[in-house]
Each structure stands twice: as C-alpha cells, then as structure tokens.
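Everything on this sheet refers to the single structure shown next.
Note: hydrogens, waters and symmetry copies are ignored here, and every other heavy atom, side chains too, is used.
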Amino acid sequence: MQFRLIAAFLLFSVAVSAQNLNNTLRAKRTWPGQTLANVWGYVADGKEYALVGGSKGLIILDITNPDNPLQIVQLPGPDNLWKEIKTYQNYAYVVSEGGNGIQIVNLSNLPASNLPWKYYRGDGAIQNQLNALHALHIDETKGFLYAWGGPLFGGGAKIFDLKPDPYNPVYVGKFDQLGYIHDGYVDNDTMYSGHIYAGQFAIVNMANKSVPELINTQTTPGAFTHNTWLTDDRKTILATDEVNNSYLSAWDVSDPTDIKLLDRIQSNPGSGSMVHNTYVRGNWALTSWYKDGFTIVDITRPDNLVQVGNYDTYPGQGGGSEGCWGVYHNFPSGNIIASNIDVGGAGELFIITPNYVRACYLEGRVRNGIDSLPIQNVLVKIVGAAPNVQELTTPAGIFKTGLATGGYYTVQVTKNGYEPYETSVYMQAGELIQLDVMLYPLGTLTVNGVVTNNADASPAPDASVWLFGNQQIYTATTDGAGTFTVNSVQPGVYDVAVSATDMSHGILSGVVITTDTSLALQLFPTYRRKALRERAETTAFQWLENPFAESTQLVYEGWSEQMELRVVNAAGQVIQIFRPGNASGVLRLGENWPSGMYQVFIMEKGDLHAVKRLVKIP
C-alpha cells in the first residue's frame with residue numbers, strides 16, 4: 001500500500017438550527033373566547049384522547065389520528081383560567097381555582113360523548129369543605145389522590161382513597177406541616193411536594209396518612225418551587241421554579257436524608273424565560289417553558305442534562321407566564337400534546353410527533369499545565385452548537401455538557417491569564433467524550449533540536465519540522481547540520497513531526513513544553529514496525545511522506561476480503577471503517593477530518609496487522 005500527499009486546505013464546520021428541533025407539528029386546534037390551562041392524556045381500546053383544561057370546562061378530543069383530531073365533547077366546569085387534570089383507571093379528575101372541589105368524569109363511554117360526571121366536595125371530616133384547588137396528583141401504585149392548594153388546611157395536601165370506588169373518593173388524611181403546596185408528585189406512599197412560597201420541595205413518607213413523616217426539604221435554584229416529577233429509577237427528582245430566568249433542576253434523592261443537586265438547565269440561556277411544568281418519559285423530561293414552548297431533555301445522565309428537542313409554541317419571547325402551560329408526555333404512540341394559554345384571544349392545542357434522540361455528551365476536567373491543580377470558572381464552549389452550549393468549570397475543575405446533534409465540533413477552553421485551548425471532537429448520540437485539558441499560563445518559549453537519520457545517525461538537512469498544538473502550529477526547516485530553532489512557542493502539549501524527501505518521517509507524540517526545550521528527532525526510511533504480522537508483510541504497501549494537509553491517497557495491492565482499515569481519532573473513537581471490495585485500488589483518507597492526530601489500523605479477522613499515525617495540518 002502507498003500513501004501519497006495531496007496538499008490542500010479544508011474548513012469543516014457544523015451548524016444546528018435552534019428552532020423546533022426534533023419535533024414535527026401534526027395538527028393545531030384553537031378555541032376562540034377561552035383560555036387553556038394544563039393537559040393530560042387517556043388511552044382506551046387503542047384510541048388516544050387529549051384531555052384539555054379549557055377555561056369553560058374539560059375538553060376531550062380523539063387524537064388517534066394526530067393529523068385530524070376530533071373534539072368529542074366539552075363538559076361544563078368553573079369558568080376559570082386554572083384547570084389541572086389527572087386520570088386513574090377509567091376516570092378523569094379535574095380541579096380548578098374556580099371552586100367546586102374535584103370534578104370526576106367517568107370516561108368509560110368514550111368515544112361517545114355521554115360521559116357521567118359529578119363534583120366531589122369532600123366527605124367525613126371535610127364534608128362539603130372542598131372548594132378551590134390548584135393542582136392534584138394520583139399515586140397510581142397505592143390508589144390515592146392528593147389535592148394541592150386552595151384554602152383548606154392552608155393549601156396543604158388533602159388525601160383521598162380511590163381504591164374502593166374511583167367515582168366516590170374517601171377522605172383519609174392531610175399533610176399541612178409546611179403550609180401551602182402548589183403541586184407535587186406521589187408514588188408508592190412517598191410524596192415530593194412543591195412548596196412554592198417556601199421555595200423548596202419536601203420528601204414525605206405518607207404510608208400512615210394520619211401521621212405523615214417529613215423526611216427532608218430542599219431549596220431549589222429559583223426558590224419558587226412549582227412542580228416535581230420522579231424519574232423511573234426513583235433516584236432523581238426533577239423540579240421547576242416558576243420565576244423569570246429559571247431552571248429545570250435535577251436532584252439525587254436516592255438517599256432522601258442527603259439530597260444533592262446534580263445539574264440544572266435552561267431552555268434558552270439569556271432569554272429570561274420562565275419554566276412551568278416538567279414530566280418524565282423514560283430517559284427524557286418534557287417541560288413547558290411558557291414563551292419558549294416546550295423542551296425535551298435527555299436525563300439519562302442526570303448530572304449532565306442536555307436539551308435534545310424543542311418546539312416553540314408561542315410568538316413572544318422572554319420572561320413572564322404567557323405561552324405554553326403544559327405538555328402531556330405518555331401516549332403509546334409517542335405523540336405529544338401541548339397547550340398555549342391564550343394567543344390573540346384563543347387557547348391553542350398542538351399535537352406534535354417528537355423524535356426522541358440521545359444526547360451527545362462532553363465531560364472532563366481542566367487543570368493548570370504547570371502544577372496540575374484544577375482551575376475554576378474556565379469557560380468551555382462548543383462552537384456552532386444551538387442553543388448556545390457553554391459551561392464554567394467547578395472548583396474541582398470539572399465540566400459536564402452536551403448537545404443534540406452529532407458531528408465534528410470545535411471546543412474552546414478559555415480563561416484570562418491562560419493560553420486558550422481549542423480542539424475538535426466528534427460527537428455521537430449516546431456517547432460520552434472525556435476531554436481533560438491542561439491550560440498553560442501566558443508566555444513564550446524557544447524550541448530547538450536536531451534531526452538525524454535513524455540508519456546512520458547522520459544529520460538530515462532540509463527536513464521539515466512541525467510542532468502541532470491544539471491551538472498553534474509551528475514549522476521550521478533544518479540547516480545543513482540538521483538543526484532547527486522555533487521561537488515564540490506558546491507553552492502546551494505538542495505532537496512533533498518531521499519528514500524529508502526519500503526518508504519518510506518521524507513523530508513524537510504528547511511532548512509537554514513548559515520551558516525552553518531541545519528535541520532529538522529521527523527520520524526512518526519506512527514506517528513499518530518490526531512486530532508486523534506475516535500477512536501484513538505480504539500486502540503491498542509503503543508509507544511515504546507525512547504529515548498531510550487536506551487528504552491522503554492510499555494505493556493498496558493484495559488486499560484480502562477479510563481485511564479492513566480503521567481510522568481512530570485522538571479521542572480513541574473509530575470515525576471511519578473501510579472494507580475495500582477489490583484486491584487493489586485507491587482510497588482517499590482525511591477529506592472531512594479536522595486538524596489533529598489520527599491512527600490508521602490494518603485489521604484482519606479482528607487482529608491488528610499494522611498501524612500508521614497521521615498528523616493533519618490545516
């Protein structure tokens with residue numbers, strides 16, 4: 001095989017659209033003259049139904065065909081903006097700040113419109129005392145309904161048993177030790193209540209409804225905790241703060257006595273947007289963000305939340321509580337429904353098909369190249385990502401970030417007083433790139449050295465020398481004695497390459513240069529290694545001049561159909577695999593590769609035969 005150098009220049013970039021990523025609009029319905037609040041879903045006999053909280057009452061639509069939603073009925077209810085809906089078995093439960101307690105709807109007759117319903121205002125110790133309520137949740141594992149807000153018990157939780165008869169709840173207890181609860185999540189007798197005015201969520205053992213046990217509380221980033229939702233593995237709680245410039249936050253609650261913040265994320269950093277409700281579907285969180293519409297966040301790594309989809313339902317932007325109220329996440333089809341409160345005097349419902357994609361992850365640590373100590377508040381930025389992706393390092397020098405769309409990206413690592421660091425990474429869905437960076441203080445150095453022939457130690461005149469760093473590239477040519485000097489070199493880590501006509505090349509990888517440095521470089525007549533297997537020796541190939549600039553042409557002969565050529569980048573990722581169909585031919589390598597170090601492996605039946613290291617210089 002033979003490599004031939006072709007000189008050219010390549011600029012490769014990736015651009016990603018920030019609007020309506022990984023979501024497709026299927027239909028939109030409007031209701032002039034009334035607003036919409038939250039939404040929920042119901043499934044029966046293979047049909048999917050949207051349950052929509054209209055200001056004039058519960059709206060039910062058949063959305064089995066998402067391109068042609070059909071309204072079945074709107075049931076009367078309190079004429080009020082606030083409506084929250086949940087389901088249990090074949091029943092829907094609706095609460096409102098407009099009063100009348102809990103509206104219970106028997107959905108068994110769907111798709112017919114004659115649906116029995118009634119108001120439940122309390123029994124037993126709270127007979128007829130239920131009126132205005134803000135939200136509710138149902139512990140489907142244990143069969144209890146939790147109603148939040150309203151004047152009764154200062155807005156604390158009111159608990160009702162649904163198991164004997166879901167149409168006739170039975171009051172069984174309350175939790176009011178921490179005052180008003182705006183919203184929350186309950187499963188298997190564990191409550192995660194959102195205390196909006198106290199700015200915290202609580203974890204409460206509700207096994208004994210008469211004597212609930214408060215386990216712990218946690219203040220959230222905006223100190224205005226609106227809602228909570230538990231991940232499927234029960235280890236992480238997601239929380240929202242209903243304030244401008246707010247966050248969706250993730251908390252480790254695997255030990256409820258020791259809650260830890262894992263990560264927090266904004267839908268559109270810098271816009272001041274306000275988050276509202278979040279829900280979990282498998283590895284994703286679906287969250288309404290008022291003026292930003294809704295987002296889909298990959299929560300597979302809850303300590304590194306990455307937005308992988310969004311749909312902007314509202315024409316405005318910025319802070320405030322206009323726009324998308326809620327999003328329902330759990331239809332078997334995967335389709336999503338989302339509500340706009342009011343646009344031009346009409347509430348809006350969107351039916352959307354999402355493309356659930358895994359995030360591409362970038363994590364690592366930044367340290368001082370002189371003393372290896374971590375550096376705090378270093379800006380790590382993925383150039384070209386949209387929305388904007390940037391992160392500051394922690395006191396331990398750690399950063400964790402990611403993006404939705406794979407490909408080659410430039411990563412910039414910068415801090416005042418240090419040389420900037422820049423590298424290219426190849427991001428792939430569901431994969432983690434570990435990037436550990438050394439930053440070096442500002443300053444310049446001198447690098448000199450001598451180049452000799454490996455065969456006889458004679459000096460190599462007119463040899464080309466490259467110092468290839470992550471940010472800078474330096475070149476020099478040896479004199480008649482084989483010596484060279486490079487001035488004004490920035491501190492850092494360099495791959496040093498040398499080549500000369502008819503002498504192939506030599507490479508030193510990972511040379512740390514923090515002081516004036518002298519190097520001894522050798523040229524080799526070929527790049528074959530002594531450990532090559534016999535099969536590789538019978539394949540006709542020869543490595544010629546290297547490094548390469550734009551691309552490298554590989555001419556091969558005697559290629560077996562059981563052989564393959566793999567290209568691996570500096571991060572250890574296999575970026576290309578070639579399996580030539582002919583015994584001889586030509587391959588071109590490197591046309592879309594960013595600058596960097598690469599290794600080319602020749603394999604047969606999974607066994608390594610030969611390896612070639614390449615440096616691509618722009």
Side-chain angles (χ1 to χ4, degrees), residues 20-77 81-87 90-94 96 103 105-117 276-277 279 281 284 286-290 293-296 309-315 323-356:
N20 302 339
L21 178 65
N22 288 323
N23 285 284
T24 302
L25 177 65
R26 304 297 296 274
K28 176 181 167 183
R29 289 291 304 270
T30 62
W31 285 266
Q34 66 176 311
T35 57
L36 297 187
N38 215 351
V39 293
W40 203 247
Y42 175 71
V43 178
D45 300 324
K47 289 183 173 292
E48 297 182 347
Y49 300 94
L51 308 181
V52 182
S55 59
K56 298 182 185 302
L58 176 66
I59 304 167
I60 302 177
L61 297 92
D62 182 344
I63 62 166
T64 307
N65 178 356
D67 301 313
N68 185 30
L70 302 173
Q71 180 168 327
I72 294 172
V73 68
Q74 179 167 21
L75 301 177
L81 168 67
W82 285 273
K83 296 287 193 311
E84 292 285 341
I85 311 150
K86 296 294 184 293
T87 57
N90 296 325
Y91 297 86
Y93 301 84
V94 187
S96 172
Q103 185 179 23
V105 183
N106 187 336
L107 304 173
S108 299
N109 289 344
L110 287 172
S113 60
N114 56 327
L115 305 179
W117 65 273
H276 196 209
N277 293 308
Y279 307 99
R281 181 186 177 99
W284 294 273
L286 286 84
T287 309
S288 54
W289 280 87
Y290 282 125
F294 72 85
T295 65
I296 302 175
N310 70 286
Y311 194 92
D312 191 355
T313 62
Y314 189 73
C324 186
W325 181 298
V327 55
Y328 181 71
H329 59 296
N330 210 26
F331 288 117
S333 65
N335 290 329
I336 293 169
I337 55 174
S339 59
N340 267 353
I341 302 169
D342 182 7
V343 177
E348 298 180 329
L349 180 74
F350 295 79
I351 304 170
I352 291 168
T353 297
N355 178 23
Y356 289 105

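In plain terms, the two heavy atoms of Pro66 and Ala27 that are nearest each other are O-CB, 3.2 Å. Of all heavy-atom pairs between Gln103 and Leu75, the closest is NE2-CB, 4.4 Å. The two residues Ala112 and Ile72 come nearest to each other via the heavy atoms O-CG2, 3.9 Å. When all heavy atoms of Ala50 and Ile337 are compared, the closest pair comes out as CB-CD1, 3.6 Å. The shortest heavy-atom contact between Asn23 and Gly309 is ND2-C, 3.9 Å. Of all the heavy atoms in Val327 and Ser288, the pair that sits closest is CG1-N, 4.0 Å.
A donor-acceptor pair is defined here as one N or O able to donate and one able to accept, closer than 3.5 Å; no such pair exists between the side chain of Asp45 and the backbone of Lys47. Between the side chain of Asn38 and the main chain of Trp325, no donor-acceptor pair closer than 3.5 Å is present. Between the side chain of Gln74 and the backbone N or O of Gly57 there is at least one donor-acceptor pair closer than 3.5 Å. In this structure a side-chain-to-backbone donor-acceptor pair under 3.5 Å is present from Ser339 to Gly326. Counting only distance, with no hydrogens or angles, the side chain of Asn90 and the backbone of Leu107 share no donor-acceptor pair below 3.5 Å. Side-chain N or O atoms of Thr35 include none that pairs as donor or acceptor with a backbone N or O of Ser55 at under 3.5 Å.
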Could you walk me through whether Asn335 and Thr353 pass side chain to side chain donor-acceptor pair (under 3.5 Å), step by step? CA-CA 5 Å; Asn335 290 329; Thr353 297; 2.7 Å; yes

Given Trp31 and Arg29, is the side chain to side chain contact (heavy atoms under 4.5 Å, CB included) satisfied, shown in steps? CA-CA 7 Å; Trp31 285 266; Arg29 289 291 304 270; 3.5 Å; yes

Decide yes or no on side chain to side chain contact (heavy atoms under 4.5 Å, CB included) for Asn106 and Trp117, but give the supporting numbers first. CA-CA 6 Å; Asn106 187 336; Trp117 65 273; over 6 Å; no

Yes or no on side chain to side chain donor-acceptor pair (under 3.5 Å) for Tyr290 and His276, after CA distance, side-chain angles and deciding distance? CA-CA 7 Å; Tyr290 282 125; His276 196 209; 3.2 Å; yes

So Leu286 and Ile336, side chain to side chain contact (heavy atoms under 4.5 Å, CB included) or not? Walk me through it. CA-CA 9 Å; Leu286 286 84; Ile336 293 169; 3.2 Å; yes

Please report the C-alpha distance between Glu48 and Tyr42 in whole Å, then the side-chain angles of each, then the deciding distance to 0.1 Å, and finally whether the side chain to side chain contact (heavy atoms under 4.5 Å, CB included) criterion is met. CA-CA 6 Å; Glu48 297 182 347; Tyr42 175 71; over 6 Å; no

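In the displayed structure, Trp82 atom CH2 is contacted under 6.0 Å by at most 12 heavy atoms of other residues, nucleotides or ligands.
Atoms CG and CG, from Leu51 and Leu58 in turn, are 6.0 Å apart once rounded to the nearest 0.5 Å. Taking CG of Leu36 as the reference point, atom CD1 of Ile59 lies at 5.5 Å (rounded to 0.5 Å). To the nearest 0.5 Å, the span separating CD1 on Ile63 from CD on Gln71 amounts to 13.0 Å. Atoms CG and OG1, on Asp312 and Thr295 in that order, are 11.5 Å from each other to the nearest 0.5 Å. Note: Thr287 OG1 to Trp289 CH2 = 7.0 Å, rounded to the nearest 0.5 Å. The structure places OH of Tyr311 at 5.0 Å from CD1 of Ile352, a figure rounded to the nearest 0.5 Å.
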Determine all donor-acceptor pairs shorter than 3.5 Å in which one atom belongs to a side chain in residues 341-349; sequence neighbours excluded.
from	atom 1	to	atom 2	distance (Å)
Asp342	OD1	Gly345	N	2.9
Asp342	OD1	Ala346	N	3.0
Glu348	OE1	Asn340	ND2	2.9
Glu348	OE2	Lys28	NZ	3.2

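Ring geometry, Trp40 versus Tyr279: the interplanar angle exceeds 60°, so the pair is classed perpendicular (tilted spans 30 to 60°). By the 30° and 60° cut-offs, the orientation of the rings of Tyr328 relative to Phe331 is perpendicular.
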